[in-house]
J.: 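First the structure, which I've put down as structure tokens, then a few questions once you've had a look.
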Amino acid sequence: YQRGGASVWHSRLGAYFSYDAKEKSYTIRRLLKGDSWQMDAASPLSAVGVSLAEGDKILAVDGVKFSGAADLYQHLENRAEQKVELTVKRKSAAKSESVLVKTVRSQHGALYRDWVNANKKYVHEKSKGKLGYVHVPDMGPYG
């Protein structure tokens, strides 16, 4: 988007969060799993060396703690495709730790792969494994 004539790039982490006002942290509610073989279609929070999961908490970005519900995206503003240090607390851990995450500019690829995988799961469940699901991507004019 534009702010004062300059482009400001949104940064994303490939997940949906809920803010905990008491703990001043963000809990990962839904991690966009996407596909590990397609780098732009997976959450950077699931990258090797990061491996966060649903239920884990983000406590700070680059050492700056949150003071309100809008802070996560304010701390990530104009940081697209850059590395940020997240202070996190895994739901199974007693102590917090720091992880280095490269943000993404768009979650579109991960959302698309989640949609494809949900369709696949639906077909397999409804047919009790008797039908397969074939997805043919890029059926538009450029494909």
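Just the heavy atoms: all of them, side chains too, but no hydrogens, waters or symmetry mates, feed the values below.
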J.: Do R79 and D62 sit within salt-bridge range, that is, some charged N less than 4.0 Å from a carboxylate O?
T.: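 Salt bridge: yes.
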J.: Step by step, work out the side-chain contact (heavy atoms from CB on, under 4.5 Å) result for R113 and H135.
T.: CA-CA 10 Å; R113 293 308 306 171; H135 178 75; 4.3 Å; yes
J.: If you measure from the Lys or Arg side-chain nitrogens to the Asp or Glu carboxylate oxygens, is any gap between E97 and R90 under 4.0 Å?
T.: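 Judged by the 4.0 Å cut-off on N to carboxylate O distance, E97 and R90 do form a salt bridge.
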J.: Please determine if E125 and K120 form a salt bridge, counting it only when a charged side-chain N lies under 4.0 Å from a carboxylate O.
T.: no
J.: For the pair E85 (side chain) and L100 (backbone), establish whether a donor and an acceptor sit closer than 3.5 Å, ignoring hydrogens and angles.
T.: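 Judged by distance alone, no pair lies under 3.5 Å.
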J.: When you look at L32 and L45, which way does the side-chain contact (heavy atoms from CB on, under 4.5 Å) test go after all the steps?
T.: CA-CA 9 Å; L32 300 175; L45 299 180; over 6 Å; no
J.: Within the side chain of S51, is there an N or O that forms a donor-acceptor pair under 3.5 Å with the backbone of S46?
T.: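 Such a contact is absent between S51 side chain and S46 backbone.
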J.: Counting neighbours of OH on Y133 that are heavy atoms of other residues, nucleotides or ligands and sit closer than 6.0 Å, is the number greater than 12?
T.: yes
J.: Testing I58, V50, I28 for side chain to side chain contact (heavy atoms under 4.5 Å, CB included) with V88, which one passes?
T.: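 Single pass found, and it is I58.
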J.: Do K126 and K121 come close enough that some side-chain heavy atom pair is under 4.5 Å?
T.: no
J.: Which heavy atom of A42 sits nearest a heavy atom of A110, and at what distance?
T.: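 Closest approach of A42 to A110, heavy atoms only: N-CB, 4.0 Å.
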J.: Measure across V64 and H75 and return the closest heavy-atom pair with its distance rounded to 0.1 Å.
T.: CG1-CE1, 3.3 Å
J.: To the nearest 0.5 Å, what is the distance between CD (Q82) and OG1 (T103)?
T.: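 Between Q82 CD and T103 OG1, I get 6.5 Å after rounding to 0.5 Å.
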J.: Which residues pass the salt bridge (charged side-chain N to carboxylate O under 4.0 Å, His left out) test with D114, not counting sequence neighbours?
T.: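 Residues passing salt bridge (charged side-chain N to carboxylate O under 4.0 Å, His left out) with D114: R30.
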J.: According to the side chain to side chain donor-acceptor pair (under 3.5 Å) rule, which pairs have a member within residues 12-24, sequence neighbours left out?
T.: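 Found S18-R29.
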J.: Using side-chain hydrogen bond (donor to acceptor under 3.5 Å, both in side chains) as the criterion, list what pairs up with T27, not counting sequence neighbours.
T.: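 Per chain and number, T27 pairs via side-chain hydrogen bond (donor to acceptor under 3.5 Å, both in side chains) with K57.
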J.: Measure the acute angle between the ring planes of F66 and Y26, then classify it against the limits of 30° and 60° as parallel, tilted or perpendicular.
T.: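 Geometry flag for Y26 against F66: perpendicular rings.
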J.: At what distance, to the nearest 0.5 angstrom, does CZ of F17 lie from OG of S25?
T.: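 OG of S25 is found 11.0 Å from CZ of F17.
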J.: Nearest heavy-atom pair of P44 and V101: which atoms, and what distance?
T.: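 What the structure gives for the nearest pair is CB-CG1, 3.7 Å.
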J.: Testing the basics here: between L59 and S96, what is the closest heavy-atom pair and its distance to 0.1 Å?
T.: CD1-CB, 3.7 Å
J.: Does one hydrophobic cluster hold both V104 and Y112, with members joined at side-chain heavy-atom distances below 4.5 Å?
T.: no
J.: Would a distance-only check, ignoring hydrogens and angles, find a side-chain to backbone donor-acceptor pair under 3.5 Å from Q107 to G14?
T.: yes
J.: Look at the side-chain heavy atoms of Ile, Leu, Val, Met, Phe, Trp and Tyr, link any pair under 4.5 Å apart, and say whether Y73 and V84 land in one connected group.
T.: yes
J.: Does D71 use its side chain to pair, donor to acceptor, with the backbone of G68 at less than 3.5 Å?
T.: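 Checking the backbone N and O of G68 against the side chain of D71, a donor-acceptor pair under 3.5 Å is found.
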J.: Can you tell me if NZ on K89 sees more than 12 non-hydrogen neighbours from other groups inside 6.0 Å?
T.: yes
J.: Looking at side-chain heavy atoms only, is the closest gap between L31 and L52 below 4.5 Å?
T.: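 They are not in side-chain contact.
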